[in-house]
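Written out below as C-alpha cells is the structure these notes cover.
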Amino acid sequence: MPSRTLRLQLSAAAIVVAVFGLAMLWVSSASAATGLRDVVFVGNNWDGTADVIDPHQNYRRVTRINIIPDLQERLLEIYTNPVRLAYFLAIREAVGEGHDQYVDDMYSTPDGRLLVVSRPSLADVVAINLDTRQIVWRFQVDGQRSDHMAMSPDGKHVAVSASTGKVVHILDTATGQEVGRFPSGDSPHENNYSADGNRIYHASIGLVYTPADQPEFDSTKGERWFEIVDANTNQVLERIDMGQKLEEAGYPNMSSAVRPMALSPNESVVYFQVSFFHGFVEYNFNQDRVTRVAHLPNEVPEMPREQYLLDSAHHGIAMNSAGTKLCVAGTMSDYAAMVSRKTFAYKLLHLGEKPYWSTTSRDGRNCYVSWSGSDRISVISYDKEKEIARVPVGDHPQRIRTGNVRTDWLAAQ
C-alpha cells in the first residue's frame, strides 16, 4: 500500500498538473515570439536516422538527420572488443530482428539546439547539434544496450534505461554528465516524468528475448517492477509487482512486465500494457489496485506467444489532453485502436504493419502512430477517430516525440 506521504503527493498532483497545463499553453502560444517552432521527431531505428516533420505545414518532412555520424569509430571499438562484439551481434539477432538498432528514443532540448538520442546497439546516448549535425557529447550506459528515455519537464535532465545494466541513468542534457541514477529490475524500459517533474514512473520488462514465454515459465523472466521514483533524490518511493496486482484483481497468469504507459491528466491513474496481452490495464494509485482491464481483439490467435515481438502483443499507448480517449498500438495485430476511456469501447484502424509506438501531439488533439513494418507514420484525430495525414519516413520507425527547433533553423532546411 502506498505510504500516506506518497498518497498526499499523488493527490496534490492534480493541482500542480492544472497549473502546469496552463503554463504549457502559454509556452506554446509564445513559441513564435521566442523564435521556436514545435515539430515532430521520428526515430528510424534500423537506418540510424531521425526525420523532422512540421505539423504546421501539412506534416511536411523537413529534413532527415544522421544519428550515427561516428559509426565507423564505434564499430572499430566494438570489433576490437570481444565482449562488446558478442553483445552487438546478439542485439542484432535477438532484439533487432537481424538489424542493428541505432535509434531508440530521442528528445530535443527546450531551446531547440540539441537532439538527445539513445542508440541501443552502440550502448550510448548522444546529443547532436542540429546546426552542425555533429555529436557534442556522448555517454556510455552501464552494460551493453541503451533503451527508452524521458526528458524532465524543464528539459534539464534525461532519464535513460540501461537494458543490461539494471539501472536508469539521469543525465544533464547540456553536458551529458551523469547527475544521478536509480536501480531497476531486469531490462529497464519505460520512463515517464510527472508533469511537475518531481517523480519518475519507471518499469522494467524482464528477459523478453528468451523463448520461455508460457505462463508456467513466467518466473524465468527475471525481476519486473513498476517503480515510482523521487526525481529530486533518485530514491525509489514505491516498487510494485503489477502481475501480483492483476492476480489480486482477478486476472491470474498475466505478466508483471509493464510496457508503454499513459498517465491520466491528474496523474491519479495509469494505463499500461503488459507482455503478451492484447489490451491494457487501468491502475489507480490512490486505491493501490487494478480497477479495470480493457480487452482488445487478438487478430493473430494462431500465432504462438514465442513469435510475439519481444513479448509485445501491443506496444504503444497514449491519451488525449482531455483525458477522454486512448490511442493504442496493436503491434502484433497490425492495428491502431481509438478507445473511450470511460467505456473502453473502441474503433480499430488498419493503416499499416507492425505499429510500434503512439504518442499525442503537443496540442493534445491528434495521435501519432509509427508503422514500423510500413516505414511511415499516421496522424490520427482523436475526435474523428480517423487518419488525417500519412507521412513516409525511414527504415523501421519506432519512437515519435514532439519537440522544439529554432525558426531560423527550420527556415534554412
Side-chain angles (χ1 to χ4, degrees), residues 24-25 28-29 31-32 36-47 49-65 67 103 105-108 112 115 130 260 262 314-331 333-341 346-407 409-413:
M24 288 306 295
L25 286 173
S28 178
S29 62
S31 62
L36 296 175
R37 173 74 70 87
D38 62 288
V39 296
V40 179
F41 292 95
V42 180
N44 305 307
N45 196 4
W46 291 353
D47 66 12
T49 63
D51 286 323
V52 183
I53 296 166
D54 189 348
H56 305 285
Q57 297 187 38
N58 296 318
Y59 298 96
R60 176 178 71 90
R61 184 168 68 85
V62 174
T63 190
R64 177 167 291 170
I65 300 169
I67 303 301
V103 184
D105 213 342
M106 81 229 102
Y107 286 90
S108 64
L115 184 65
L130 290 176
H314 288 184
H315 193 278
I317 186 168
M319 184 180 292
N320 65 344
S321 58
T324 58
K325 289 184 180 179
L326 294 131
C327 176
V328 176
T331 306
S333 293
D334 292 339
Y335 63 67
M338 306 302 289
V339 185
S340 164
R341 182 185 172 195
Y346 58 83
K347 179 180 179 180
L348 302 185
L349 301 173
H350 296 85
L351 303 170
E353 297 179 359
K354 200 169 69 172
Y356 215 84
W357 191 252
S358 60
T359 194
T360 297
S361 61
R362 180 164 289 185
D363 63 11
R365 298 175 181 175
N366 299 316
C367 177
Y368 303 132
V369 175
S370 62
W371 303 94
S372 62
S374 303
D375 294 342
R376 63 174 179 258
I377 71 166
S378 290
V379 183
I380 302 172
S381 166
Y382 277 109
D383 288 340
K384 298 177 181 178
E385 297 188 347
K386 70 176 185 179
E387 184 182 58
I388 59 173
R390 179 177 296 188
V391 185
V393 292
D395 192 6
H396 206 267
Q398 293 186 196
R399 215 72 63 239
I400 307 174
R401 301 293 187 187
T402 58
N404 293 337
V405 295
R406 299 195 328 273
T407 51
W409 179 90
L410 190 62
Q413 303 309 308

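In this chain, residues are counted from 1 in sequence order.
- The distance from the CD1 atom of Ile377 to the OH atom of Tyr368 is 7.5 Å, given to the nearest 0.5 Å.
- Within a 6.0 Å radius of CZ in Arg64, other residues, nucleotides and ligands contribute more than 12 heavy atoms.
- Asp47 contributes a side-chain N or O that, together with a main-chain N or O of Asp395, makes up a donor-acceptor pair within less than 3.5 Å.
- You'll find the side chain of Leu115 reaches within 4.5 Å of the side chain of Ile67, heavy atoms only.
- Listed for the Asn58 side chain is no donor-acceptor partner under 3.5 Å among the backbone atoms of Arg60.
- Distance check: Asn320 CG to Leu326 CG gives 7.5 Å after rounding to the nearest 0.5 Å.
- Atom OG1 of Thr324 is separated from atom CE of Met319 by 8.5 Å, given to the nearest 0.5 angstrom.
- Using a 4.5 Å cut-off on side-chain heavy atoms (C-beta onward), Thr402 and Thr359 make no contact.
- Judged by distance alone, the side chains of Asp383 and Ser381 never bring a donor and an acceptor atom under 3.5 Å apart.
- In this pair, Tyr356 and His315 present their aromatic rings tilted. The plane angle is within the 30 to 60° band.
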Would Thr49 and Asn44 count as a side-chain hydrogen bond (donor to acceptor under 3.5 Å, both in side chains) if you check the C-alpha gap in whole Å, the side-chain angles of each, and the deciding distance to 0.1 Å? CA-CA 5 Å; Thr49 63; Asn44 305 307; 2.9 Å; yes

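- Taking CG of Leu351 as the start and OH of Tyr335 as the end, the distance is 13.0 Å to the nearest 0.5 Å.
- Remark: Lys347 NZ to Ser340 OG distance equals 14.0 Å, nearest 0.5 Å.
- Ser108 is not listed as a side-chain neighbour of Val405, based on a closest heavy-atom distance of 4.5 Å or more.
- Under 3.5 Å, the side chains of Tyr382 and Thr360 contain a donor-acceptor pair of N or O atoms.
- Looking at every heavy atom in both residues, Trp371 comes nearest to Leu349 through CH2-O, 3.8 Å.
- Rounded to the nearest 0.5 Å, atoms CD1 (Ile388) and SG (Cys367) are 10.5 Å apart.
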